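None of these values were measured; they are calculated from a predicted model. All ligand and atom numbering here is 1-based and tracks the order in the structure. Only heavy atoms go into these numbers, but all of them, side chains included; no hydrogens, no water, no symmetry mates.
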Amino acid sequence: MPDPRRDIPRTDQILADPRMREAADRLGTRLVKQAVVAAQQRCRDGEIEPTAVADVAVASLPDRATTLRRVVNATGVVVHTNLGRAPLSRAAVDAVGTAAGATDVELDLTTGRRGRRGRGALEALAAQVPEAGAVHVVNNGAAALALVTRVLARGGRSIVIARGELVEIGDGFRIPELLESVGAGLREVGTTNRVRPSDYAEAVDSDTAFVLKVHPSNFRVSGFTSSVPVRELTGLGVPVVVDIGSGLLTPHPRLPDEPDATTALRAGADLVTASGDKLLGGPQCGLLLGEAGLVERLRRDPFARALRVDKLTLAALEATLTGPTPPVPAALTRRPDDLRPRARTICEALPAELDPQVVDSDGVVGGGGAPDVVLPSVAVALPERLAGALRLGETPVVGRLERGRLLLDLLAVAPEEDGELIDAVRRAAGNTIDGEPR
Ligand SMILES: *Cc1c(COP(=O)(O)O)cnc(C)c1O
């Protein structure tokens, strides 16, 4: 009996297939070869015929040279850490595409000389916060804090910070440990629940580098509590640095307890640090805003180079600041009355046997922000068993399981994604209802 394995087409034969050549131009030869080797192996294992190897290899080629997938965020969590925090606006995505090639990020095209790196993004940020004497951008919020600490508190100088603000952000990342890791000492004041202006005043001495106020963004202490507002920390003779966390540049009407850069600076903060990919809705980056002399010292420090942002980030940040409303701020303005008609339309387009229902839902800000705030939302409720198939579909959809149902919450879903959501549910249902594709 002939051994079919002897008829397996050779790698170079399959790679000569025009479809493979086109794919190799697009994806690179490594991914294409992987697809070929996997298809040959399936033939060797007797799963497919030798004549099918080329077709199977073509069918298994990835669309793009990244394993990252676009996901529809139907969790009701606007800034979802595991889904990459803020999705970029279309304008920001376009800007990233433009900046990806050779670009004038550090060249002044009028003079032909070196220009200030990322000037457009920095000017856009400064324009939105006129209270800041100067601004700088680094890799993320933690990098912004690390740079301030490194420059102002190196050599074991101390940072005065309230015990109630020694925050763990997520994934074991603790702000006090970060500060110590770049060489600062901590001078903790107050208790877990209360701190007074006099606690700070008594702690500040000649060894103090700065007073740090950290927004306890992901938890609330309620009951017998007190903290000291920024205004009352000025006048101690040392800089006041405020880590606002979420990156709001001005107050947000729906998030009254969320601190913002403008208010902190007006209250007398010398420096404000924040993340770019939380409520601002931009790329991962860390914002530093404040007194011009201090910002210049940070910018000029050798350590700043290790925290430098790349051109793609600068492009995305500029477009976030100057372009149309990005997805995160857009989601924060959605109301149940906007979402309900969309949910109804989606339900009507789904197979009746799924018994899709329009239900009220509680959305949240997420990303470790505004933990007390409920954003009233609307969801499509479906059978729980669809969750896995939806995650594994062509366009993965991630919902939320609640009381035995799968909720597809529309708060963080852009209206343009509704069609995709419908298609994804139909496909997932086809793959799970009595195993028959439909
Ligand atoms: C999120 C957050 C950070 C960390 O910012 P990253 O951009 O994640 O590095 C620091 N401080 C506060 C208060 C935060 O909320």
Nearest heavy atoms of Gly282 and Ala86, plus distance in Å: O-CB, 3.7 Å

Atom indices of ligand 1 within 4.0 angstrom of Gly141 heavy atoms, with elements: 5 (O), 6 (P), 7 (O), 9 (O)

Atoms of ligand 1, numbered as shown, that sit under 4.0 Å from any heavy atom of Ser217: 13 (C), 14 (C), 15 (O)

Side-chain heavy atoms of Pro371 within contact of Arg220, under 4.5 Å: yes

So, [X] and [Y]: side-chain donor and acceptor under 3.5 Å apart, yes or no?
{"X": "Ser227", "Y": "Arg194", "result": "no"}
{"X": "Ser361", "Y": "Asp409", "result": "yes"}
{"X": "Thr191", "Y": "Asn193", "result": "yes"}

Within 6.0 Å of CZ in Arg254, more than 12 heavy atoms from elsewhere: yes

Top protein contact for atom 5 (O) of ligand 1, by heavy-atom distance: Ser275 OG, 2.9 Å

Identity and distance of the protein heavy atom lying nearest atom 12 (C) of ligand 1: Asp243 OD2, 3.3 Å

Any Ile175 heavy atom less than 4.0 Å from ligand 1: yes

Within reach of ligand 1, part of Arg85 (heavy-atom separation under 4.0 Å): side chain

Contact partition for Ala142 relative to ligand 1, non-hydrogen atoms under 4.0 Å: both

Nearest option to atom 13 (C) of ligand 1, as decided by whichever heavy atom of His215, Lys278, Lys213 sits closest: His215

